[in-house]
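Working notes for the structure below.
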Amino acid sequence: MPEPTRSRAVFSTEDFRLLKEALASHIQSIADDPKSTKFAHLYHRLGRI
């Protein structure tokens, strides 16, 4: 039985940099919103990738 083909990555390294930059900007714009904490946590998780 042949091995299944490996799936291709959806995001590139550059995509993660762009996403982090967009999140940083968004976090600043919603600083007073309680949801900003969730976005900040997402930002930091993206940094670990």
Side-chain angles (χ1 to χ4, degrees):
M1 179 174 233
E3 299 253 341
T5 58
R6 186 174 173 180
S7 61
R8 293 177 38 181
V10 176
F11 295 109
S12 71
T13 305
E14 181 64 21
D15 293 338
F16 286 110
R17 286 188 206 116
L18 292 171
L19 286 168
K20 281 186 68 177
E21 185 177 332
L23 275 173
S25 176
H26 183 64
I27 291 167
Q28 288 177 351
S29 70
I30 65 163
D32 296 332
D33 189 323
K35 288 191 304 185
S36 66
T37 303
K38 291 182 180 186
F39 282 101
H41 291 174
L42 176 58
Y43 177 87
H44 289 290
R45 285 192 304 271
L46 282 173
R48 291 185 289 186
I49 295 177

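Sequence positions, counted from 1, serve as the residue numbers for this chain.
Phe11 and Tyr43 end up in the same hydrophobic cluster when Ile, Leu, Val, Met, Phe, Trp and Tyr side chains are linked at under 4.5 Å.
For Arg45, the side chain to side chain contact (heavy atoms under 4.5 Å, CB included) test picks out His41, Leu42, Arg48, with sequence neighbours left out.
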Only distances under 3.5 Å count here; give the side-chain donor-acceptor pairs of residues 21-32 to other protein atoms, sequence neighbours excluded, each with its distance to 0.1 Å.
from: Ser29; atom 1: OG; to: His26; atom 2: O; distance (Å): 2.8

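Here the straight-line distance linking atom CG of Leu46 with atom CG of Asp15 works out to 11.0 Å at 0.5 Å rounding.
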